[in-house]
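Let me begin by presenting the structure, written as structure tokens, before commenting on it.
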Amino acid sequence: MVALTLPDGKVRNYPGPVTGADLARDIGPGLAKAALAIRVNGKVWDLSRPIAEDATVAIVTKKDDDATVYDIIRHDTAHILAEAVKELYPETQVTIGPNVEDGFYYDFARKEPFTPEDLVRIEERMREIVKRNEPLVREVWERNKAVAFFEAQGEKYKAEIIAGLPAGEDISVYRQGKFVDLCRGPHGPATGHVGQGFKLMKIAGAYWRGDSKNEMLQRVYGTAWRDEKELAAYLTRLEEAEKRDHRRLGREMDLFHFQEEAAGMPFWHPKGWTLYRILEDFIRARLKHSGYVEVHTPQLIDRSLWEQSGHWEKFGQNMYTTESEERVFALKPMNCPAHIQIYKQGIKSYRDLPLRMAEFGCCHRYEPSGALHGLMRVRAFTQDDAHIFCTEEQITPETKAFCELLLDVYKDFGFTDVHVKFSDRPKVRAGTDDVWDRAEGALKAAAEAASLKLMLNPGEGAFYGPKLEFVLRDAIGRDWQCGTLQVDFVLPERLGAQYTAEDGTRQRPVMLHRAILGSLERFTGVLIEHYAGRMPLWLAPVQAAVVTITSEGAAYAAEVAERLKAAGLRAVLDTGAEKITYKVREHSLAKVPAILAIGKREAAERTVSLRRLGSERQEVLALEEALARLGAEAQVGGQRLAAAAEQDFSGTRGAQIRAPKQTRERIDSETTNDDAHS
RNA sequence: GCCGGCGUAGCUCAGCUGGUAGAGCACCUGAUUUGUAAUCAGGUGGUCGGGGGUUCGAGUCCCUCCGCCGGCACCA
């Protein structure tokens with residue numbers, strides 16, 4: 001007897017093993033048709049797989065609001081992709097085809113790369129295969145049979161994968177039509193269940209087994225959804241994400257640019273640099289408040305120091321060098337060795353620790369050309385870098401304090417969804433197990449003390465110590481790794497840092513490498529995308545535009561602009577001859593958070609008509625009231641920031657706003673009252 | 001670095017099988033004094049990413065270098 005307990009608590013008894021398909025058919029024809037798979041004691045099984053023992057079961061259908069549905073649909077679609085490719089290009093070998101976020105891919109081995117036209121053909125064939133509604137049949141094969149089968153087919157990759165599977169594991173294959181693929185499953189009952197809500201997205205090269213020493217395969221990416229409507233929604237989502245691409249907004253909002261002569265190194269324009277400097281000044285103030293000292297170290301340092309630190313050996317190929325006076329200098333790729341040099345000046349006592357040394361040091365790294373990506377991956381960058389020299393006992397309190405500072409800073413920027421990856425000892429590492437035990441223990445305890453959600457990232461620590469990696473989630477759900485904290489026992493040793501302990505002995509300090517924003521360039525990019533360019537008031541390069549409706553208001557408008565600037569706000573004055581609708585549009589496209597319109601009435605009554613970006617509402621306020629309100633909002637405030645991030649984004653293009661002609665000169669010199677960059 | 005795609009005016013893009021470069025917006029000039037997302041008219045603007053080759057003739061074809069885009073690999 002097999003007793004199956006259904007989700008509603010009812011129990012069905014069978015004399016012997018039954019399949020999910022049998023059960024679904026017994027319950028009703030509708031369910032039988034809709035069934036995709038069956039959950040057996042929480043595990044998802046194929047409908048064709050016999051259930052031989054009592055179990056709690058639930059039929060999975062496409063309508064279920066459950067990630068499993070997508071897992072099945074996407075993996076089925078990957079098999080359909082492989083079948084289509086084998087039908088169209090029989091000489092192609094199949095390799096692996098896992099699911100990824102929002103879709104799947106399949107890697108193929110073939111001499112000729114796929115063309116975009118091939119992709120169209122393949123997708124057409126896939127749609128046919130779906131219509132054929134071929135049953136997907138699970139079979140368990142004996143290992144040698146499986147290897148022999150795939151070798152006979154010329155599928156050397158598949159044979160290699162099977163050979164690598166642990167002994168004793170069932171080798172399951174799935175058959176659909178003439179196509180047989182090694183696969184763990186589970187799958188839906190037939191290709192038709194996938195429906196037409198899928199699309200092939202792109203072709204790319206990918207190394208076999210992810211190793212650049214191996215041959216390159218052809219990877220086809222696809223996406224698959226429950227139906228065409230969901231697919232359409234997904235494609236719309238991609239388009240929306242594209243609109244907030246910081247590279248596009250950087251151009252549209254005149255923040256920065258890149259050019260061939262300095263690939264991977266941003267040219268910051270006045271507005272972009274204003275934003276950058278706000279971040280830098282903000283962090284500088286926070287660090288100062290948290291007991292850090294700031295230093296500045298040379299851009300060029302003789303290679304001997306990099307040899308000593310070990311960087312030359314590991315990363316020499318990725319360092320820019322220059323020769324002078326028969327010596328080789330490297331542009332610094334990081335600040336830490338230089339900070340140790342400062343630490344080593346004079347004798348340090350345990351009383352000097354912890355010593356928190358910060359530097360906004362510009363670093364250069366020769367990143368591989370294919371890695372460059374706007375501000376997110378550059379060759380010249382500045383971190384909000386600091387090194388905390390401390391004793392082992394101080395690791396925990398210092399880490400805790402750092403985590404608190406970091407979360408607080410993130411909150412100010414509007415990021416409240418943060419998770420932390422904890423990367424522990426890698427296989428190849430320096431330091432004894434005892435030291436690692438202590439370092440990992442201290443780091444973990446501190447992270448937990450700071451109430452962080454920890455995700456384990458086993459074996460991914462630096463060779464010198466464990467690390468925390470702080471990942472924040474942006475307004476549209478994308479994750480960005482920004483902050484980091486690494487415990488380092490190695491560099492102080494290599495570069496000879498010491499302190500005198502209470503007992504008079506010489507000891508090695510521990511070094512905590514840490515950054516909150518990471519690279520300022522990258523964080524600026526993240527912020528632009530998070531806010532879709534609509535920065536909250538305190539971050540907006542131009543915070544307010546004072547615009548006249550008619551020239552009668554010009555003198556008063558100039559006064560309003562002056563008052564805003566006197567209140568510390570970055571304001572522009574637009575007294576051009578265009579219509580108010582034109583000015584509102586232009587300044588809105590430029591994503592200026594506040595537009596203060598001045599007409600005859602406002603001038604007479606000493607008021608302003610305030611319009612906020614993203615809203616059509618206008619509010620007539622006394623000038624003093626508007627000043628007070630904007631001034632208050634320009635202060636850092638977490639809640640306001642979060643609210644600003646949620647403002648919906650409407651697409652724009654070509655917002656290269658400049659001052660209208662009559663006032664051009666005046667405005668250009670008054671874009672900002674922040675003299676820091678002049 | 002590897003695989004694929006792409007590179008035409010400041011931006012977005014058109015330019016069929018090779019016949020000597022075009023639109024919209026932007027910009028400039030003039031007119032318009034306007035009440036909350038585009039006022040009208042006229043005008044300027046490109047050695048078609050760089051170099052080389054094939055051809056009577058190359059934006060269109062070939063080679064090569066550079067850059068960008070999408071992945072992969074890398075990321076101290």
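Each chain gets a letter, A, B and so on, in the order its sequence line appears, and its residues count up from 1. Atom set for the values below is all heavy atoms of this structure, side chains included, hydrogens, waters and symmetry mates excluded.
Separation of the A:Phe114 and A:Tyr89 ring centroids falls under the 6.0 Å cut-off. Taking the six-membered ring wherever Trp is involved, the centroid distance between the rings of A:His513 and A:Tyr464 falls below 6.0 Å.
Where A:Met334 and A:Phe258 meet RNA chain B, the nucleotide closest to each residue was compared, and A:Phe258 sits on the side nearer the 5' end. Nearest-nucleotide assignment on RNA chain B puts the 5′-proximal partner with A:Pro368, out of A:Gln618 and A:Pro368.
A donor and an acceptor atom, one from each side chain of A:Glu215 and A:Tyr157, are located under 3.5 Å apart. Counting only N and O atoms by type, the side chains of A:Asp107 and A:Thr95 include no donor and acceptor under 3.5 Å apart. A donor-acceptor contact closer than 3.5 angstrom is absent between the side chains of A:Tyr207 and A:Arg209. No side-chain donor-acceptor contact under 3.5 Å links A:Gln341 and A:Thr297.
Across all strands, A:Gly310 comes closer than 4.0 Å to no nucleic acid atom at all (heavy-atom distances). Residue A:Tyr221 is classed as a sugar-phosphate contact, given heavy-atom separations below 4.0 Å to backbone atoms only. Note on A:His373: only backbone sugar-phosphate atoms sit closer than 4.0 angstrom, heavy atoms only; bases stay farther off. Residue A:Asn318 is in base contact, counting any heavy-atom pair closer than 4.0 Å across all strands shown. A:Glu552 comes within 4.0 angstrom of nothing in the nucleic acid, heavy atoms only. The residue A:Lys202 sits close only to the backbone: its heavy atoms come under 4.0 Å of sugar-phosphate atoms, none of a base. Residue contacts for A:Ala206: at a heavy-atom cut-off of 4.0 Å it reaches the sugar-phosphate backbone alone, with no base atom in range. At a threshold of 4.0 angstrom between heavy atoms, the contacts of A:Arg611 include nucleobase atoms, whether or not backbone atoms are also involved. At a threshold of 4.0 angstrom between heavy atoms, the contacts of A:Thr550 include nucleobase atoms, whether or not backbone atoms are also involved.
Under 4.0 angstrom from either OP1 or OP2 of B:rU36 there lies no side-chain N or O belonging to A:His587.
Pair assignment for B:rG4 gives B:rC69, based on Watson-Crick or G-U wobble hydrogen-bonding distances that are each under 3.5 Å. If you check B:rA76 for Watson-Crick or wobble pairing at under 3.5 angstrom, you find it has no partner at all. Across all strands shown, B:rA41 is found opposite B:rU29 as a Watson-Crick or G-U wobble partner, with both distances under 3.5 Å. Base pairing of B:rA58 is not made with any nucleotide, judged by Watson-Crick or G-U wobble geometry with both donor-acceptor distances under 3.5 Å. As the counterpart of B:rU47, no nucleotide is assigned, since no Watson-Crick or G-U wobble pattern has both distances under 3.5 Å. Across all strands shown, B:rG35 has no partner, as no Watson-Crick or G-U wobble contact with both distances under 3.5 Å is found.
Under 3.5 Å, the side chain of A:Arg377 and the base of B:rC75 form at least one donor-acceptor pair of N or O atoms. Between the side chain of A:Tyr207 and the base of B:rG71 there is no donor-acceptor pair of N/O atoms closer than 3.5 Å. The base of B:rG35 sits within donor-acceptor range of the side chain of A:Glu602, with an N or O pair under 3.5 Å. Under 3.5 Å, the side chain of A:Arg209 and the base of B:rA73 form no donor-acceptor pair of N or O atoms. Put simply, the side chain of A:Thr581 and the base of B:rU36 share no donor and acceptor less than 3.5 Å apart.
Annotation: cation-pi pair A:Arg365/A:Phe315 absent, no NZ/CZ under 6.0 Å from the ring centroid and within 45° of its normal. Figure legend: cation-pi geometry between A:Arg74 and A:Phe104 absent, as NZ or CZ is not positioned both under 6.0 Å from the six-membered ring centre and within 45° of its axis.
With B:rG35, B:rU39, B:rC72 as the candidates, the nucleotide lying closest to the side chain of A:Ser609 is B:rG35. The nucleotide whose nearest atom lies closest to any side-chain atom of A:Met216 is, among B:rA76, B:rC3, B:rA73, B:rC3. Checked against B:rA73, B:rG70, B:rC74, the side chain of A:Arg247 finds its nearest nucleotide in B:rG70. Relative to the side chain of A:Ala263, the nucleotides B:rC68, B:rA37, B:rU12 differ in distance, and B:rC68 lies closest. Closest to the side chain of A:Arg365, from the set B:rC3, B:rC75, B:rC72, is B:rC75. The A:Lys600 side chain lies nearest to B:rG35 when the options are B:rA38, B:rU12, B:rG35. Closest to the A:Arg251 side chain, of the nucleotides B:rG1, B:rC11, B:rC68, is B:rC11. Considering only side-chain atoms of A:Arg601, the nucleotide from B:rC3, B:rG35, B:rG1 that sits closest is B:rG35.
Both thresholds, 5.5 Å between centres and 30° between ring planes, are met by A:Phe315 relative to the base of B:rA76, so the two rings are stacked.
Per the geometry, CG belonging to A:Leu589 stands 15 Å off P belonging to B:rU12, to the nearest Å. One interatomic measurement links the two molecules: CG of A:Asp102 to P of B:rG70, which rounds to 17 Å at whole-angstrom precision. With rounding to whole Å, A:Glu578 atom CD is found 13 Å from B:rA31 atom C1'. Across the protein-nucleic acid pair, A:Glu367 atom CD and B:rG67 atom C1' stand 17 Å apart, rounded to whole Å. When the P atom of B:rC6 is taken as reference, atom CG of A:Leu372 falls 21 Å away, rounded to whole Å. What separates CD of A:Glu242 from P of B:rC69 is a distance of 12 Å, to the nearest Å. Look at NE2 on A:His269: it is 11 Å from P on B:rC11, rounded to the nearest Å.
For A:Gln299 (side chain) and A:Cys362 (main-chain N/O), a donor-acceptor pair under 3.5 Å exists by modelled atom type.
The C1' atoms of B:rA58 and B:rG19 are separated by 10 Å, rounded to the nearest whole Å.
The salt bridge (charged side-chain N to carboxylate O under 4.0 Å, His left out) analysis of residues 111-123 of chain A, with sequence neighbours excluded, yields the pairs A:Glu123-A:Arg127.
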For a quick check, with a 4.0 angstrom heavy-atom cut-off, what is the B/S/- contact string for nucleotides 41-50 of chain B, read 5' to 3'?
----------
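Within a 6.0 Å radius of CD in A:Glu616, other residues, nucleotides and ligands contribute 12 heavy atoms or fewer.
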